[in-house]
*Asks:* 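Pasting in a structure now, in structure tokens, and then I'll have a few things to ask.
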Amino acid sequence: MHEAYDFEAIQEKWLPIWDQIEPFKSGRSSDVRPKKYVLDMFPYPSGDLHMGHAEAYALGDVIARYWVQKGFNVMHPIGWDSFGLPAENAAIKRGTDPKAWTYENIEMQKSSMRRYACSFDWDRTLHTSDPEYYKWNQWLFLELYKKGLAYRKDSAVNWCPSCQTVLANEQVVAGLCERCDTAVTKKKLNQWYLKITDYADRLLDDMADLEGKWPEKVLMMQRNWIGRSTGAEVTFEIEGRAEPLTVYTTRPDTLHGATFIVVAVDSALAAELAAGSSIQGNFTEYLEKTKAASDIDRLATDRPKSGVFLERYAINPVNGEKLPIWASDYVLADYGTGAIMAVPAHDQRDLDFARAMHLNVRTVVETGEDDPSISGIATIGDGIIVNSGSLNGLSKEKAINKIIEELSAKGLGKGAKNYRLRDWLISRQRFWGTPIPIIHCEKCGEVAVPEAQLPVQLPDATGMDLKPKGSSPLGAADAWVNVKCPQCGADAKRDADTMDTFFDSSWYFLRYTSVQFDDRAFDQDEVKSWLPVDQYVGGVTHAILHLLYSRFFTKVLHDLGYLDFEEPFTRLLNQGMVQMDGSAMSKSRGNLVRLSDELNTHGVDAIRLSLVFAGPPEDDIDWADVSPSGSFKFLNRAWRVSGDVTSNPGVDFSTGDLALRKITAKSLFDISFAVESFRFNVAVARIMELVNATRKAIDSGCGGADPAVREAAEAIAISLSLVAPYTAEDMWERLGHKPAIALAGWPAIDSALLEADSVTAVLQINGKIKDRIEVSPNISDADLEKLGLANEAIKAELGGAEIKKLIVRAPKLVNIVI
RNA sequence: GCCCCGAUAGCCCAAUGGCAGAGGCAGAGGACUUAAAAUCCUCCCAGUGUGGGUUCGACCCCCACUCGGGGCACCA
């Protein structure tokens, strides 16, 4: 009897049966299993699934299926992040509605996911572009608005000339649009912002709880991004101006070393100080030049310093010195107060500026390094404070505390914090997104759309011009945009911008608990019973944007009383990327490996196995290093084991071959441990070992009739079901069981089988191995020492040498130092 | 420039202070076969990037460096 392992037949056979059984349904009220929430980042429907999706979903599936086997009621939902630019761009290109393109792609991805045997609960899907979903975006926006966390302001914003829309700070990468790599420019616009900066401290400090549960890399990136710095604000009088000037500094200890003041050239203060003065012309010219420069130019740190002296002076509050005030582009208008005290001796940027403009340099920290005014290198380190009156002789830290105290007492300054994080700009001048539920009325101003009128639905795109032209296409949809003011009834206009799609994805994990619920965004009881997410799986590309925003929303919803937790994702796993020949797969590079081709050639299970086995999940996979045919061969081998088992289901395992039983028990133990610590590649290796051992037992050991062989084969099938569900299900049937193997339950391990009869102890002299002996695992130190010293190889090696030290670690080793 | 992570066989990767090799890929030989494929068996291969240190003992801990990957970067 040697039927062939036919992956296509197996796939076709089991898929419809699973559809009937629905082993992964998580919403049954009668379900008494403890709950677990395993979440994969939802995809953007830009086409069919690709290799990257395949890896992520294979990994998420191992985790979800494992917890189901362990007896948990696992919620493992999927949905689509279906608003966004690609749909709109495709629609423009083809002259169709973004909706049609989007939902066609969703159907395609959905059917690929089913075939890929993802253990999703299909009753919980959502699409962010459904009015039933984005209605709650609008509700949430209004909640934020009522709390003052959503506001409009005029500001010079990041503008992508190619996408013709504004971008959040987070979407600008090295001065380029993250989507299309066009150089981002600045544009003065009135836009909607969310006050994420109000949460900066909590977003930063609460990361302590995620330590060890999220990848260190992600925590570090978020810390960098929030960029909290501590220091002080110091007030300087300006000659001839009633209002003083405040600067932010991290080094108030160097206040006596300040020799000039710099204000951001594009700040209001600079314009005011320059107004009407003799240098007004120079200033304006410099300002225009700065504005024309792209971010990339402006951010280049090796650029020579430039600036204009404003012919005004500030007074140093600690020593009364007159400090010239300069305007320069190296000070940023939107960080701190937009003005700095320059301490050239101890800040490289200030020193570069001082040397370019021939300004004074005064050392106030004695660090033992060369004089900065001669070396041109600012001394940043700690040292003894000098030339600083009451601070003289102190260390940096003590001086900082003291000067803050002194300034506070006189009302001239105070301790202060600053953040790199800016408020989140959410307006987008595009069509395919959630309309902002605000109506602009000439009389009443901004008016929130009443909750009863939500959702503000997108109009049909048919006949609309969606081409990017710098203003929202919705603004031209007259029938849509013109409304009556909900407050006074006068003619008014809808806000024509749509929301950044990151808004949509910042709370979708809550909606999964109650996708049909139409009273609220989510059912609070359901959320309470499922959230926070136990395990989140997704790419590191979202390390800042999506994860930071989701954490922010969770904290806001907590504060609004809707949630009783403050962090949405308890554990996070970042999978690496799938590459080809060392670089990202792409059509233009010509190194694209099509997932569907691979699935057709090798089968779903072989591809899933290859991706899981390729290495640690967080490492990048190079498809050139992967052998799907090798995976297929292994599955074949495992599957054939099930055909060689001749005992019946239910046979008493305890009468089986002890050696094989021990291997099975150890394997199950190791596989569990490896899965729970995300070392899926190691788990697979352990399954391979078990298959090898079972093969050997069948062919040249206890034989296929031994109950231990059945025990091993069932263990193989169940553990393999995490990675290769089709093969495992078929094995399960061949072993005489009914589907679904997904619900078979993780085999119980008899702990007695985990204890070894004997272990190998190593005998060392000076740390070098001289012999190995088999001993009882329970041997005492004294007995092991005796055995070691009596050992022939050791005795021969020792000769008559004096033993200086003896280290015994029963039952593993004896080390004799001579 | 600052910060983080990594480096083990031809290749992908195991080994969480105690035997460097679990698993796989590639390669070689053999069994089976008329033959091939498939299958099965056997074999080959490094002393852990470099240099120091701690330790009875270091791939593992510490320091410095090299190379690779990533993050931040005129944020005062």
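The shown structure was predicted, so the numbers you read here are calculated from the model rather than taken from an experiment. All chains are named by letter (A, B, ...) in the order of the sequence lines, taking the proteins before the strands, and each is independently numbered beginning at 1.
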*Asks:* Not counting sequence neighbours, list each pair that qualifies as a ring-ring contact (aromatic ring centres under 6.0 Å, His included) and has a residue in residues 332-353 of chain A.
*Replies:* Phe260(A)-Phe353(A), Trp326(A)-Phe353(A), Tyr330(A)-Phe353(A)
*Asks:* Return the polar atom pairs (N/O with N/O) between nucleotides 57-64 of chain B and the protein under 3.5 Å, or none.
*Replies:*
none

*Asks:* With Lys662(A), which residues qualify under side-chain contact (heavy atoms from CB on, under 4.5 Å), at least two apart?
*Replies:* Leu658(A), Leu753(A), Asp757(A)
*Asks:* If the condition is side-chain hydrogen bond (donor to acceptor under 3.5 Å, both in side chains), which residues does Thr664(A) pass it with, not counting sequence neighbours?
*Replies:* none
*Asks:* Which protein N or O atoms sit under 3.5 Å from an N or O of nucleotides 1-8 of chain B?
*Replies:*
none

*Asks:* Can you give the donor-acceptor pairs under 3.5 Å from side chains of residues 807-816 of chain A to other protein atoms, not counting sequence neighbours?
*Replies:*
{"from": "Asn815(A)", "atom 1": "OD1", "to": "Asn766(A)", "atom 2": "N", "distance (Å)": "3.4"}
{"from": "Asn815(A)", "atom 1": "OD1", "to": "Gly767(A)", "atom 2": "N", "distance (Å)": "2.9"}

*Asks:* In chain order, what residues pass the ring-ring contact (aromatic ring centres under 6.0 Å, His included) check against Phe634(A), with sequence neighbours excluded?
*Replies:* none
*Asks:* Mind listing the N/O atom pairs, protein and nucleotides 37-39 of chain B, below 3.5 Å?
*Replies:*
{"from": "U39(B)", "atom 1": "O3'", "to": "Arg640(A)", "atom 2": "NH2", "distance (Å)": "3.1"}

*Asks:* Show me the donor-acceptor pairs within less than 3.5 Å that the side chains of residues 676-684 of chain A make with the rest of the protein, sequence neighbours left out.
*Replies:*
{"from": "Glu676(A)", "atom 1": "OE2", "to": "Tyr66(A)", "atom 2": "OH", "distance (Å)": "2.5"}
{"from": "Ser677(A)", "atom 1": "OG", "to": "Phe673(A)", "atom 2": "O", "distance (Å)": "2.7"}
{"from": "Ser677(A)", "atom 1": "OG", "to": "Ala674(A)", "atom 2": "O", "distance (Å)": "3.4"}
{"from": "Ser677(A)", "atom 1": "OG", "to": "Arg679(A)", "atom 2": "NH1", "distance (Å)": "2.9"}

*Asks:* Only counting residues at least two apart or in another chain, list the ones meeting ring-ring contact (aromatic ring centres under 6.0 Å, His included) with Tyr419(A).
*Replies:* none
*Asks:* Could you work out, with side-chain contact (heavy atoms from CB on, under 4.5 Å) as the rule, every residue matching Asn224(A), not counting sequence neighbours?
*Replies:* Met220(A)
*Asks:* Any salt bridge (charged side-chain N to carboxylate O under 4.0 Å, His left out) pairs touching residues 680-693 of chain A, not counting sequence neighbours?
*Replies:* Asp670(A)-Arg686(A), Arg686(A)-Glu689(A)
